[in-house]
Amino acid sequence: MRFTSLLAAVTAAFTLVPVAQAQSPAYPRGPVTLVVPFPAGGPTDAMARQLAQKLGERLGQQVVVDNKGGAGGSIAAEAVAKAPADGQTLFFGTTGTMAINPSLYAKLRYDPVKDFAPVSLMATTMNVLVVNPDVPAKNLGELMALARAKPNTVAYGSAGNGSSNHLAGELLRASAGLQITHVPYKGSAPALVDLLGGRLTMMFDTIAQQTGNIGAGKVRALAVTGPKRSPLLPDVPTAQEAGLKDFDVTIWYGVLAPAGTPAPVVERLHREIAAVMSTDDMKKRMQADGAEARPTSPAEFAALIKRDMAKWGPVVKASGATLD
C-alpha cells in the first residue's frame with residue numbers, strides 16, 4: 001500500500017512539471033516592441049532608446065523602439081492598450097499621456113488605469129522658468145510682484161495647449177493668484193524664438209534645452225519646478241523656495257504593459273528595468289539630460305499615475321484647454 005502511494009505521488013510530481021511550464025512560458029519569446037508616443041529625435045525618444053538598448057541586453061532579446069506620434073501621445077497609448085497582453089508590446093508612458101490627457105481630450109479612447117499594467121517608473125525631470133534678460137525681475141518673487149502690478153502684461157509661451165509648460169504656467173497662475181497671459185505655439189522652439197526676441201516675458205522649458213542659453217546669458221533662470229534643485233542648475237532655487245510651497249511640476253517617464261499581462265512577466269520587466277536604471281552609467285546619462293533615474297515598483301508607479309491624474313485634472317479644467 002505504501003509503495004502504491006509513493007508511486008502515485010512520484011507520478012503526479014512528474015505529471016505536474018509540463019503543466020507548470022505550460023502556464024509560465026519563457027519570456028520574452030522574441031523581440032520586444034517599446035512604443036514611444038512621440039516622433040524620433042525628441043527628448044522622450046532619446047530617453048526611451050537609452051532604456052531599450054540596456055533592457056534588451058538584460059532580456060536577451062532586442063527591444064525595438066516604435067515611434068507613434070500624434071494626438072499628444074494618445075494614438076500610441078491606444079495602440080498598446082489594444083495589444084496582446086503578453087509583454088511583447090510595451091508603452092513608454094509620460095506624465096502627459098497617463099495623467100494629463102484624460103482631462104485634456106474630450107474623447108480619449110484609452111483608460112490610463114484600467115487599460116494598462118504599470119511596470120516601473122524610469123526617470124523624472126523638471127522644467128526651469130526662464131525670462132528674457134531685459135525683464136527687470138531677478139527672481140521669482142520679483143516676477144510675481146511685476147505680474148501683480150501690471151495684470152495681463154506678463155506673457156508666457158508654451159509648446160501648445162495642454163503641454164507640460166502650459167500647465168506649469170497655469171499652476172503658477174493659480175498658486176500665486178496671478179493674471180498672466182498664455183501664448184500657445186506649435187512646439188517649444190518657436191516659443192523660445194519669441195522669448196529671445198523679447199515678444200514673450202517668460203516660459204517654462206526643459207532644463208536640458210535651456211542650460212546653454214542660461215550659460216550664454218540669452219535667458220535668465222528664475223526657478224526650477226521640482227521639489228529640489230537640479231544638479232545642472234545648483235544656483236537656481238525651486239519655486240517652493242520662493243514661497244509657493246505646493247508648487248511641483250515633475251515630469252516622469254515609465255514603462256507600462258497592456259492590462260492583463262501575466263504577473264511573472266511584469267515582475268521580470270520591473271526587475272530588469274530597476275537593474276538598468278540603478279547602474280552608474282544610466283544615472284550619469286540621466287543627469288546629463290537634466291533627469292534623475294527613479295525606478296519604482298509596479299504598485300508605486302500605479303499610485304503615482306492616480307495621484308497625478310487627480311492633481312492635473314483641476315489644472316486642465318481651470319485652464320479651459322480641451323482637445324478633440
Side-chain angles (χ1 to χ4, degrees), residues 36-54 65 73 92-100 120-131 139-140 156-160 163-169 171-172 187-189 191-192 195-196 202-242 244 247-255 273 276-296 304 308:
V36 177
F38 299 103
T44 302
D45 174 68
M47 194 164 290
R49 289 180 186 276
Q50 293 184 67
L51 174 64
Q53 177 187 353
K54 297 296 184 180
V65 172
F92 195 70
T94 67
T95 310
T97 57
M98 306 307 293
I100 294 175
S120 177
L121 190 67
M122 176 195 173
T124 60
T125 185
M126 64 183 94
N127 284 336
V128 58
L129 171 58
V130 293
V131 297
N139 54 56
L140 180 55
Y156 75 96
S158 80
S163 61
S164 65
N165 43 14
H166 168 211
L167 297 181
L171 188 61
L172 174 63
S188 293
L192 179 60
L195 178 69
L196 297 176
M202 63 180 227
M203 72 177 289
F204 290 89
D205 202 5
T206 62
I207 291 175
Q209 293 288 335
Q210 289 299 329
T211 49
N213 290 326
I214 294 168
K218 294 181 178 180
V219 297
R220 182 185 305 123
L222 300 189
V224 292
T225 64
K228 60 182 181 181
R229 296 191 182 195
S230 167
L232 293 184
L233 298 171
D235 296 328
V236 179
T238 67
Q240 294 181 6
E241 290 179 73
L244 301 178
F247 191 93
D248 179 7
V249 181
T250 298
I251 303 160
W252 46 257
Y253 306 87
V255 177
I273 291 172
V276 168
M277 299 311 300
S278 297
T279 63
D280 289 340
D281 177 53
M282 286 299 284
K283 289 179 180 178
K284 290 177 181 178
R285 290 190 188 193
M286 294 298 103
Q287 185 170 328
D289 291 335
E292 180 182 1
R294 290 278 303 276
T296 64
L304 173 62
D308 271 11

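Since the model is a prediction, treat every value here as computed from it, not as a measurement.
- The nearest pair of heavy atoms linking Met98 to Gly93 is CG-CA, 4.3 Å.
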>> With side-chain contact (heavy atoms from CB on, under 4.5 Å) as the criterion, how do Leu192 and Gln210 come out once you've worked through the C-alpha distance, each side chain's angles and the decisive distance to 0.1 Å?
In response: CA-CA 10 Å; Leu192 179 60; Gln210 289 299 329; 3.4 Å; yes

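- Closest approach of Met286 and Ala123 over heavy atoms only: SD-CB, 3.8 Å.
- Between the side chains of Asp248 and Thr250, at least one donor N or O sits under 3.5 Å from an acceptor N or O.
- Within the 3.5 Å criterion, the main-chain N or O of Ala159 finds a donor-acceptor partner in the side chain of Asn165.
- Taking a cutoff of 4.0 Å between a charged side-chain nitrogen and a carboxylate oxygen, Arg285 and Asp289 do not qualify as a salt bridge.
- Note on residues 39-51: pairs passing salt bridge (Lys or Arg N to Asp or Glu O under 4.0 Å), not counting sequence neighbours, are Asp45-Arg49.
- Nearest heavy-atom pair, Asp205 versus Ser188, reported as atom, atom and distance to 0.1 Å: OD1-OG, 3.9 Å.
- Formation of a donor-acceptor pair under 3.5 Å by the Thr238 side chain with backbone atoms of Gly226 is not found in this model.
- A distance of 4.5 Å separates CG of Leu171 from CZ of Phe247, quoted to the nearest 0.5 Å.
- The line from CE of Met47 to CE of Met282 is 8.5 Å long, rounded to the nearest 0.5 Å.
- Ring geometry for Tyr156 against Phe204 counts as perpendicular: the plane angle is over 60°, on a 0 to 90° scale with 30° as the lower cut.
- Annotation: the span from Ser230 atom OG to Asp235 atom CG amounts to 11.0 Å, rounded to 0.5 Å.
- With sequence neighbours excluded, no residue forms a side-chain hydrogen bond (donor to acceptor under 3.5 Å, both in side chains) with Tyr253.
- Closest non-hydrogen pair, Pro37 versus Phe92, comes out as CD-O, 3.2 Å.
- What you find for Ala293 and Lys283 is that their closest heavy atoms are CB-CG, 4.2 Å.
- Going from atom OG1 of Thr125 over to atom CD of Gln287 covers 11.5 Å, rounded to the nearest 0.5 Å.
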> For Met126 and Val249, what are the C-alpha separation, side-chain angles and deciding distance, and is it a side-chain contact (heavy atoms from CB on, under 4.5 Å)?
Replying inline: CA-CA 6 Å; Met126 64 183 94; Val249 181; over 6 Å; no

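- Rounding to the nearest 0.5 Å places CD1 of Ile207 at 7.5 Å from CG of Asn127.
- One distance of note links CG of Leu167 with OG1 of Thr225; it measures 12.0 Å at 0.5 Å rounding.
- Formation of a donor-acceptor pair under 3.5 Å by the Ser120 side chain with backbone atoms of Thr296 is found in this model.
- Between Gln209 and Thr206 the shortest heavy-atom distance is CG-OG1, 2.7 Å.
- You'll find the side chain of Met202 reaches within 4.5 Å of the side chain of Leu129, heavy atoms only.
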> Are Ile251 and Thr94 close enough, and set up right, to give a side-chain contact (heavy atoms from CB on, under 4.5 Å), and what steps lead you there?
Replying inline: CA-CA 7 Å; Ile251 303 160; Thr94 67; 5.8 Å; no

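- Val255 has its side chain within reach of Leu51: a pair of non-hydrogen atoms, C-beta onward, lies under 4.5 Å apart.
- Checked by atom type and distance alone, the side chain of Arg229 pairs as donor or acceptor with a backbone atom of Pro234 at under 3.5 Å.
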